[in-house]
Amino acid sequence: MSGNRTFTMLKPDAIENGHMGKIIDMIIQAGFSIKAMKFTRLTKEQAKKFYEVHAERPFYSELVEYMTSGPIVAAILEKENAVADFRTLIGATDPAEAAEGTIRKYYAESKGRNAIHGSDSDENADIEGKFYFTPAEIF
Ligand code: DAT
Ligand code: MG
């Protein structure tokens, strides 16, 4: 993946609360095109590996529990300046601090259950996309 792609997950709270369609629509309306998409559920091992950088943080076990509590939607998205523009679209980690009009402002329940993931760098977008998708599944 080059600098024009990012990786996202619609997290279990977003699916549970019925926000999947509205969030995908916001992503498309913001100019992102979908290059891969999967409705799936993480195993505990996968969730631990995905969030390995947070292993020492106090919320790690809670995060792994939550991310395995129900299905998620994983996707690779394309747009110019994808990583930064997508972080702007989703808003701050804590919905109380997220800007008006952002996905987390509308749909996140809390800092822990915050509706959506967005990669924080081109390098991580590439790693995270490959975590879920084989080359044949990416358009
Ligand atoms: P982001 O998802 O905005 O990149 P992050 O990478 O710092 O945020 O953290 C990853 C996820 O971990 C985040 O989406 C929700 C959870 N998390 C972060 N900080 C937390 C906290 N203080 N309490 C509970 N969950 C937290
Ligand atoms: Mg992050």
Side-chain angles (χ1 to χ4, degrees):
M1 258 185 280
S2 56
N4 60 355
R5 290 193 173 194
T6 192
F7 171 80
T8 188
M9 282 186 289
L10 276 56
K11 299 184 181 181
D13 65 298
I15 309 302
E16 247 169 69
N17 294 330
H19 298 142
M20 181 170 81
K22 288 173 288 188
I23 292 173
I24 293 172
D25 191 50
M26 279 183 76
I27 292 169
I28 293 168
Q29 295 310 317
F32 293 86
S33 60
I34 295 167
K35 295 291 154 181
M37 184 168 267
K38 192 173 280 185
F39 186 76
T40 185
R41 185 175 184 163
L42 289 169
T43 64
K44 194 156 275 191
E45 287 316 305
Q46 286 174 312
K48 283 168 110 171
K49 178 132 181 54
F50 189 89
Y51 283 111
E52 174 165 76
V53 294
H54 297 301
E56 303 308 319
R57 310 276 286 275
F59 57 82
Y60 181 63
S61 59
E62 184 190 323
L63 177 62
V64 170
E65 281 298 316
Y66 157 61
M67 287 302 298
T68 56
S69 68
I72 58 115
V73 172
I76 294 172
L77 306 171
E78 187 171 86
K79 184 185 180 295
E80 209 174 290
N81 202 32
V83 166
D85 285 4
F86 195 72
R87 294 290 302 199
T88 301
L89 177 66
I90 69 177
T93 309
D94 184 345
E97 290 161 20
E100 290 301 327
T102 60
I103 291 172
R104 282 169 166 168
K105 181 71 175 183
Y106 285 133
Y107 300 120
E109 287 183 11
S110 64
K111 190 170 189 179
R113 298 170 61 89
N114 63 1
I116 192 160
H117 169 83
S119 303
D120 61 10
S121 66
D122 289 346
E123 188 193 0
N124 283 335
D126 190 45
I127 292 167
E128 292 170 1
K130 286 175 178 159
F131 188 85
Y132 282 92
F133 299 101
T134 65
E137 292 174 317
I138 303 170
F139 288 89

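Just so you know, ligand 1 is whichever comes first in the structure, and atom 1 is the first atom listed for that ligand.
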Can you establish whether the number of heavy atoms outside E137 located under 6.0 Å from its atom CD is more than 12? yes

Heavy atoms under 4.0 Å from ligand 1: which residues qualify? K11, H54, F59, L63, R87, T93, R104, K111, G112, N114

Tell me which donor-acceptor pairs under 3.5 Å the side chains of residues 22-34 have, and how far apart each pair is, sequence neighbours excluded?
residue : atom : partner : partner atom : Å
D25     : OD1  : Q29     : NE2          : 3.4

Might you confirm whether atom NZ of K38 has over 12 heavy atoms from other residues, nucleotides or ligands at distances under 6.0 Å? yes

Which side-chain N or O atoms in residues 66-79 pair as donor and acceptor under 3.5 Å with protein atoms at least two apart or in another chain?
residue : atom : partner : partner atom : Å
Y66     : OH   : D13     : OD1          : 2.3
T68     : OG1  : V64     : O            : 2.9
T68     : OG1  : E65     : O            : 3.0
S69     : OG   : Y66     : O            : 2.6
E78     : OE2  : R5      : NE           : 2.8
E78     : OE2  : R5      : NH2          : 3.0
K79     : NZ   : D85     : OD2          : 2.5

Identify, with sequence neighbours excluded, every residue that meets ring pair (Phe, Tyr, Trp, His ring centres under 6.0 Å) alongside F59. H54

Atom CD in E128, atom CD in E123: separation rounded to 0.5 Å? 10.0 Å

